[in-house]
Amino acid sequence: MIRIKYPEKAGLCHAILSKDTLERMDVIRLNTIITGSANGENIRYNQKLKSYDKRTILRILDYQKKHRLNNTQLAAHFSLSRNSVTKWKKLFP
């Protein structure tokens with residue numbers, strides 16, 4: 001029998017988990033849904049462990065264009081550094 005740690009959040013995650021294949025953006029969304037907001041120390045530690053593939057980077061940059069965000073706003077929205085966003089924009093113009 002599978003025990004769910006956060007049964008109240010299962011409904012929110014069901015749409016993402018029912019996909020045949022999960023993308024990295026899906027994992028990021030699931031993490032946000034499950035953990036919610038974390039304290040500053042956890043955010044800094046977890047930020048060091050993140051990596052993004054080209055497809056995910058391009059989707060993040062498309063999100064920036066679609067929502068007309070500057071680099072600082074985009075970085076805050078996705079919990080990134082502004083330097084990462086700037087570097088990505090240079091790599092993928």
Side-chain angles (χ1 to χ4, degrees):
M1 182 174 173
I2 297 174
R3 187 174 142 254
I4 300 175
K5 189 170 183 177
Y6 300 103
E8 67 279 3
K9 296 182 181 182
L12 298 171
C13 299
H14 180 72
I16 298 171
L17 293 174
S18 63
K19 292 183 177 181
D20 291 335
T21 57
L22 291 177
E23 297 177 6
R24 290 176 194 238
M25 288 298 290
D26 295 327
V27 175
I28 293 169
R29 280 190 217 111
L30 286 171
N31 186 47
T32 303
I33 291 170
I34 293 170
T35 60
S37 62
N39 65 27
E41 185 176 319
N42 285 342
I43 291 172
R44 281 190 298 276
Y45 176 73
N46 290 334
Q47 187 64 28
K48 293 178 184 179
L49 304 175
K50 288 184 181 179
S51 65
Y52 298 93
D53 61 347
K54 181 178 178 179
R55 183 177 180 183
T56 304
I57 292 169
L58 292 175
R59 289 184 74 186
I60 291 172
L61 294 176
D62 285 340
Y63 183 89
Q64 180 182 27
K65 289 177 187 175
K66 181 180 177 183
H67 296 283
R68 296 180 176 175
L69 302 175
N70 62 35
N71 290 356
T72 304
Q73 293 168 326
L74 183 71
H77 180 78
F78 286 102
S79 299
L80 304 166
S81 74
R82 293 173 306 168
N83 292 334
S84 294
V85 175
T86 303
K87 181 180 176 183
W88 294 347
K89 289 179 84 171
K90 288 178 183 176
L91 288 172
F92 307 107

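Distance check: W88 CH2 to N83 CG gives 11.5 Å after rounding to the nearest 0.5 Å. Remark: K54 NZ to L91 CG distance equals 10.0 Å, nearest 0.5 Å. Within the model, atoms CD of Q64 and CG of D62 stand 10.0 Å from one another, a figure rounded to the nearest 0.5 Å. Rounded to the nearest 0.5 angstrom, L80 CG and H77 NE2 are separated by 9.5 Å.
Put simply, the side chain of L30 reaches to within 4.5 Å of the side chain of L17, judged on heavy atoms.
Heavy-atom minimum distance, Q73 versus R68: OE1-O, 4.2 Å. Shown here for N71 and R82, the closest heavy-atom pair between the two residues is O-CG, 4.4 Å.
Comment: R29 engages D26 in a salt bridge, judged by a side-chain N to carboxylate O separation of less than 4.0 angstrom.
When the shell of 6.0 Å around NE2 of H67 is examined, it contains more than 12 heavy atoms from other residues, nucleotides or ligands. For K19, the NZ atom counts as densely surrounded, since its 6.0 Å shell holds more than 12 non-hydrogen atoms of other residues, nucleotides or ligands.
Following chains of ILVMFWY side-chain contacts shorter than 4.5 Å, one cannot reach V27 starting from M25, and the two form parts of different hydrophobic clusters. Both Y63 and Y52 belong to a single network of hydrophobic side chains, linked directly or stepwise wherever heavy atoms of I, L, V, M, F, W or Y lie under 4.5 Å apart.
Residue K89 forms a side chain to side chain contact (heavy atoms under 4.5 Å, CB included) with just one option from I57, L61, L74, and that option is L61.
Side chain to side chain, T56 and D53 meet the donor-acceptor criterion of an N or O pair below 3.5 Å.
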